[in-house]
Structure formats: C-alpha cells, structure tokens
> 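My questions will all concern the structure given below.
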Amino acid sequence: MVKNANAPCDLMLFGALGDLAQRKLFPALYQLERAGLLAQGSRILAIARTKATTADVREQLFEKLRYHVKDREFDAGVANVFLQRVDYLLLDFTDPEGYGALREWRDEPNNELIVYMATPPSMYGVIARNMKATSCCNEKTRVVVEKPIGHDLESSRVINDELGEVYHENQLFRIDHYLGKETVQNLIALRFANNLFASQWDQNHISHVEITVAESVGIEGRWGYFDQAGQIRDMIQNHLLQLLCLIAMDPPADLSADSIRDEKVKVLKALKRIAPDMMDRYVVRGQYTAGTSNGKPVPGYLEEDDANKGSATETFVALKAEIDNWRWSGVPFYIRTGKRLPEKLSQIIIHFKPAPHYIFDPDQKHLANNKLIIRLQPDEGMALKILTKDQGLDKGMRLRQGPLELTFSETFEAERIPDAYERLLWEVMKGNQYLFVRRDEVEYAWRWVDEIIANWRDSGEPPKRYAAGTWGPVASIAMITRDGRSWYEDA
Ligand code: BG6
C-alpha cells in the first residue's frame, strides 16, 4: 500500500508536548517542511493534556525548534510556515466525549489520516477504542506507535490485541528508530546490492560478528521508566535484535515490507534459546558505579536522582547469540550495549575467516583475517580492513592491515544525513511499512529475551559492577576471550 506522499495528510499527534515529540518529532517534521516534502494542505493536530492555546503551543514549539535544530539548519521563516500547519487540542485521552473535536478539526475528511501515539503504551488501546467509537478513523488510517510494546511477551500481546481490535496490521507502524538510521538501511544495500559480500555472507567465510551499541550518557532523568525496563528491554529486545536480523537475514525476494519482515522473523525464530545452564558463558549483565564520563566525575546508577538504592536493574548487557540455521551454524554474534560506557558508539564488525592456507611470517598470523566495520554512529560509514604488503625494500613480505574507508560525510559531501525520525515519518506518509516492526517480530523478540530475564530472576544473582567510563564488567571481556577472541577495541 505505498501511497503518493505528496497527497495532503492530517497528522494527529497524541502526547505532543512530551519529550519525544518536542525533541524528535517536531524537529523531524520541520526538516520535512524545509526539504519541501510536506504537501500543501497537510496539517498537524497537536494533542495533549495541558491547558494551552494554539498560539501558546506554536510559540513554545518555535523555541524548541530553535533549540533542537542545528543552527545552520534553522530558518525562522520555514519554522513559521511550518507552525501555521499546527493546531492544538486539549484532550483527556480517556474521555470519549472529547474525541468529537478531532473529527471537527478535519477540514478535508478525505485527506490521509495519520495518528501518532507518542504516549505511554498503556494509552494505545484507550486511544484506539475512543477513535473508533467516535468515528475519527477508518480502515485507511495509519497509526504510529513507539516502543516499548509491553515489558514481556504477554503484555506485548495485550497491547497488540488492543490495537488489533481497531486496526489491521497493515495500518500499524511500530517504530524502532534504529531502522530509520541511514547506515542501518545501508545494511540492506551493502548486503544485497554488492555480490562481493553476498557470496561471502555465511559460516563458510565469517567467523563471528560483533555488535556494540554504547552510550556515554547515564539515565538522564528517566530513572522511573528505566528501572522497570533495564538495558535488555530498553535496547536488546528491539534495537540490537533488529540490527542482528538485518545482518543475519536471508536475501528477501524484493524490497516490500513483508518480504523483508518475513526474513527477519526467520532469524528471530532461529535464535538459540539461552537455557539456565548456559547463562554463565553466554550472558553478562552489569550496573555502573561512580566513575568518570568525558573527564568529569559522575555518580553510580544507584546514586542517580530518584534512585531506588536496592535496584538490581542492569545498565549493561553483553551476550553471545547463536542462530540455529545453515547460514550461521557455529558463528557467534557477540552483542554488547550499555550506559555510561567510554563513548557513544554504535558499530557492527564482521570478522571474516582467514584464508585456508597461511604462507606469510608466522608472527603475523593473527592479522590474517579481513574485517568489515560498519559504523552507525558517530561518523557513519564503513571500513574494510584488508592486508597488503608493507612498503620498503627492507620489509620483505611483511604484512600490514589497512582500511578501505568510506566515510559518508566526506564521500557524499553535499548530502545531509537525515535523522531517523525524518525518514520514518516520511515513510509513514508514503504508507511504506518496510522500516517498521511487524507484530510477530516484536513477539519473537520478547520470547527470546523473556527467557534470559527469567533466568536472571531465578538465579537471584545481582548484576556485576563496572565503573562509569569503562567498557562494562570484566566478565564481558572474559566471555569473548574464552572463545579465543576479543572485543574490537581491545584487539
Ligand atoms: C532509546 C532508548 O530507544 O534509544 C534509550 O530508550 C537510548 O535508552 C536510545 O538512549 C539510544 O538511541 P540513539 O539513537 O541515541 O542511539
């Protein structure tokens, strides 16, 4: 159901005064305006529970845009044109009576309607039911929801059922903002447009894969939410498993949403379950203590504002995932993510196997494998580490490893790299679901993660400590060295 994105659309944004809307969604919509991608006649209804007028909200949004949009990309004229599209509605989301105002707001009932629920997931069902009961939506309405979809398989089913009672799966756009990142989409191009890699992408040629999503920030005032979730629900269940799927999936028949999502689901189904007796070797969870970040002292997780001093919530997870299928048999995927690590860095490293017969100096044998480094952030790009002969008459056939480097900002200089939400909102307007997560993906991901969480709960073992500003508990290094390997930055 790919639509003409230039047709005007009405966007109803629930939770319009919340952090996500102000920090990400309005700046992304402003960028679409700046790029000329918002059709004439497209309008936005900002909906929230705070008493305010449209004029107040426009004024507040102007300031937020000025703050969140980069100086060189902020144009007051464009911002004002954009804000003319925005109206504000005060609404108690649980009160069906109030929803009549939504219908009245629509000048052109034939315009495409997008409903964005930037609210806690507990509100999704209520909003969906009230929209339906007051005939504010129909079978063409597109609905965007944010993670987390539940906190385990069972609760995600409840939320998905509630949404499913009102909307068909092809109307639902579940966001995982990692899928909107430019380099994440590039994984699809890299793998399926370059036969060079396509033919090497399996257990015959790849020894192991590393996926690291590190953040230097701590909890940033989100303690209440985060302590209920922990790093495994907040990051692994969604962002990291999506990255793993894009690396591991089989070639889709085409680029349609369902072809891609069918292949991702096959990967999730093939994830080897991590049984209780495997936990020691396969999973490490950590929690940061006081340390330093960017040269400044920072408190530990339990000393953050509003902290529950007895919390056993993890802020770091490292694990070894295995995929039980022909392509990946025997190839571990080492995955690692945490808060208060030394830097903000997301990267994937594909370690290729060495050539079958080695003929160079024995002391250089450890160099003899190619690596493909895919940098998601910062400095989006790719580097292929290849071996060449060292230069100089005296060097004989000494080897050296150097990168074939592609840094997007340098190579494609003129291109601005759009923020993930710009891409995702644009795809929703086009009605294209390929960058959104289907119900079965969410549920298979929970099934795998739930078992790990249950194992932690049953063992009663607390998370291992690591000082803020380090790469996590030493046990995460031991986990990979036990297999005769090391994390990329330790190598
Ligand atoms: C969010 C998590 O989904 O992703 C946050 O809830 C995390 O805890 C954020 O900080 C990381 O996103 P990015 O795009 O900054 O890597």
Side-chain angles (χ1 to χ4, degrees), residues 15 18-25 27-28 31 68 70 116-121 144-151 156 173-187 211-246 285-288 293-294 298 301 304-307 311 313-317 335-348 374-381 408 417-425 435-437 441-442 445-446 449 468 472:
D19 179 60
L20 175 74
Q22 308 254 312
R23 208 165 34 87
K24 292 287 184 186
L25 305 182
Q31 293 288 5
H68 290 295
K70 286 190 183 122
Y116 199 123
M117 303 189 195
T119 66
V144 189
V145 292
E146 279 285 334
K147 76 170 242 290
I149 308 286
H151 58 270
S156 77
F173 291 72
R174 294 182 192 80
I175 292 222
D176 181 314
H177 78 276
Y178 268 56
L179 294 180
K181 290 185 190 272
E182 189 80 3
T183 319
V184 175
Q185 290 165 65
N186 248 310
L187 288 176
I211 305 177
T212 293
V213 175
E215 293 181 86
S216 54
V217 292
I219 299 308
E220 310 292 293
R222 295 197 307 152
W223 222 89
Y225 154 74
F226 189 85
D227 200 53
Q228 295 300 312
Q231 196 72 357
I232 196 162
R233 292 188 176 97
D234 189 45
M235 298 293 289
I236 301 251
Q237 190 272 346
N238 34 75
H239 307 323
L240 279 102
L241 284 185
Q242 284 293 329
L243 294 179
L244 179 138
C245 284
L246 291 173
R285 69 170 175 157
Q287 188 186 73
Y288 65 83
S293 177
N294 297 321
V298 290
Y301 180 68
E304 298 272 10
D305 291 343
D306 303 327
S311 171
T313 297
E314 77 288 349
T315 59
F316 173 97
V317 180
I335 294 179
R336 185 174 57 152
T337 178
K339 310 276 187 229
R340 283 282 185 238
L341 300 187
E343 56 187 304
K344 179 154 179 79
L345 167 83
S346 301
Q347 67 182 15
I348 298 169
I374 303 164
R375 291 189 306 273
L376 310 183
Q377 56 194 18
D379 297 336
E380 290 91 338
F408 293 164
I417 297 182
D419 181 71
Y421 277 96
E422 293 169 41
R423 162 83 51 201
L424 295 173
L425 281 161
L435 295 179
F436 298 85
V437 185
E441 291 178 73
V442 176
W446 275 125
V449 159

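By convention here, the first residue in the shown sequence is residue 1. These values consider heavy atoms only, across backbone and side chains, with no hydrogens, waters or symmetry-generated copies. Each ligand, and each atom within it, is numbered from 1 in the order the structure gives.
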> Parallel, tilted or perpendicular: which describes the rings of Y178 and H239, with under 30° parallel and over 60° perpendicular?
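Y178 vs H239 ring planes: parallel.
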> Which is it for Q237 and V442 under the side chain to side chain contact (heavy atoms under 4.5 Å, CB included) test, yes or no, and what are the steps along the way?
CA-CA 8 Å; Q237 190 272 346; V442 176; 4.1 Å; yes
> Any donor-acceptor pair under 3.5 Å linking the side chain of T337 with the backbone of V213?
yes
> Classify the ring geometry between W223 and Y301 as parallel (under 30°), tilted (30 to 60°) or perpendicular (over 60°).
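Parallel.
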> What does the list of residues with a heavy atom under 4.0 Å from ligand 1 look like, ordered by chain and number?
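Lining ligand 1: K147, H177, Y178, K181, E215, R222, D234, M235, H239, K339, K344, Q377.
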> Can you tell whether the side chains of K147 and D234 come within less than 4.0 Å, N to carboxylate O?
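A salt bridge links K147 with D234.
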> Is the shortest side-chain N to carboxylate O distance from E380 to K181 below 4.0 Å?
no
